[in-house]
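Worksheet: the structure to be examined is printed underneath.
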Amino acid sequence: MVVRTRKTEPLPPDFYAQPTLRVAEALLGKVLVHDSPDGCASGLIVETEAYIGEDDPACHASAGRTARNAPLYGPPGLTYVYFNYGMHYLVNAVTEAVGFPAAVLIRALEPLDGIALMRARRMHGRSASACRAVPDRDLCRGPGNLTRALGIGARQNAMPLWSGALRIVDRGLAIGAVVTGPRIGISVGQDRPWRYWVASHPSVSGRRCRPESGGRSQSGSS
DNA sequence: CGTTCGATGCACT
DNA sequence: GTGCATCGAACGT
């Protein structure tokens with residue numbers, strides 16, 4: 001019984017046909033991979049958010065089915081990629097059952113493979129010096145940043161995550177403690193604690209977790 | 001260190 | 001025309 005190689009099995013479609021909160025938590029520690037013509041890039045999922053049903057005011061389906069949000073109503077395990085703020089793509093994994101609109105937003109990754117490629121993609125349209133200053137841990141920090149680093153765009157919308165170029169796999173990697181709290185970046189539905197992240201992980205978005213002691217934050221300079 | 005604000009395109013009212 | 005599941009430069013403390 002050797003076969004102790006790194007597992008790279010994609011999560012099966014059934015994985016996504018579960019309650020969205022369970023999927024959102026279970027996706028932490030899995031690996032999002034994109035094989036593109038430019039090369040392969042991947043990262044460990046360390047932050048997610050759930051968007052559940054037409055009753056969720058922050059869910060894109062809150063106003064009913066439209067052309068844009070149609071993938072939310074489709075089969076679980078497909079992507080829902082959309083364009084926001086005129087410049088960012090955001091990627092979701094569709095969950096639950098056909099006809100019920102719900103998904104998990106991937107908000108942050110810890111870069112694993114293809115770090116040079118990620119940095120090259122994020123360099124697009126900005127000065128080389130500014131890009132060189134971006135630490136590895138920030139390359140996929142935030143939902144807009146990770147799609148840029150992985151080369152995810154409108155062409156990846158409504159694509160299966162269990163096969164094909166863009167997929168989520170389980171490599172059996174261990175993660176730290178999981179924390180939950182309110183979703184961020186939204187103006188409604190903030191009462192629902194449907195955001196999940198790995199505690200104290202440096203690639204999680206939002207306000208940076210301050211290091212334990214040693215940092216003097218309240219000193220009046222001069 | 002913290003907070004504010006402009007960029008930028010598209011879906012939807 | 002309005003508002004958005006964002007980002008980072010610019011400014012104030």
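A, B, ... follow the sequence lines: proteins, then strands. Residue 1 opens every chain. Remember, it's a predicted structure, so these values are computed and weren't measured experimentally.
Distance CH2 (A/Trp197) to C1' (C/dA5): 16 Å, rounded to an integer number of Å. Atom pair A/Leu146:CG and C/dC7:P shows a separation of 8 Å (rounding to whole Å applied). For the pair A/Arg141 CZ and C/dC7 P, the interatomic distance rounds to 9 Å; values are reported in whole Å. Distance CG (A/Leu90) to P (C/dC7): 7 Å, rounded to an integer number of Å. Here C/dA5 presents its C1' atom at 11 Å from CD of A/Glu47, a figure rounded to the nearest Å. At whole-Å resolution of the value, OH in A/Tyr51 and P in C/dC4 are 12 Å apart.
Cation-pi geometry between A/Arg183 and A/Tyr51 is satisfied (NZ or CZ under 6.0 Å from the ring centre, within 45° of the ring normal).
Between A/Tyr89 and A/Phe83, the angle of the ring planes lies from 30° to 60°, which puts this pair in the tilted group.
Pairing partner, C/dA5: none, since no Watson-Crick or wobble contact has both distances short of 3.5 Å. Under the Watson-Crick or G-U wobble criterion, with both distances below 3.5 Å, B/dT8 has no partner in any strand shown.
Across all strands, A/Asn92 comes closer than 4.0 Å to base atoms (heavy-atom distances). Across all strands, A/Leu105 comes closer than 4.0 Å to base atoms (heavy-atom distances). Contact annotation for A/Arg183: no contact, since no heavy-atom pair falls under 4.0 Å across all strands.
Comparing C/dA5 with B/dT3, their P atoms sit 22 Å apart, to the nearest whole Å.
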- [ ] Summarise protein proximity over nucleotides 6-13 of chain B in one line of letters, 5' to 3': B for base, S for sugar-phosphate only, - for none, counting protein heavy atoms closer than 4.0 Å.
- [x] -BBBSSS-

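Under a 4.0 Å N-O distance rule, the pair A/Arg119/A/Asp138 does not qualify as a salt bridge. By the 4.0 Å N-to-carboxylate-O rule, A/Arg195 lies close enough to A/Glu47 to be salt-bridged with it. Taking 4.0 Å as the cut-off between side-chain N and carboxylate O, A/Asp113 and A/Arg171 count as a salt-bridged pair.
Proximity of A/Arg148 to the phosphate of C/dC7: no side-chain N or O atom is located under 4.0 Å from OP1 or OP2. Residue A/Ser187 places at least one side-chain N or O under 4.0 Å from the OP1 or OP2 atom of C/dC4.
Here the side chain of A/Thr20 pairs no donor or acceptor atom with the backbone of A/Ala102 at under 3.5 angstrom. Side-chain atoms of A/Asn92 come within 3.5 Å of backbone atoms of A/Tyr80 as a donor-acceptor pair (strictly under, hydrogens ignored).
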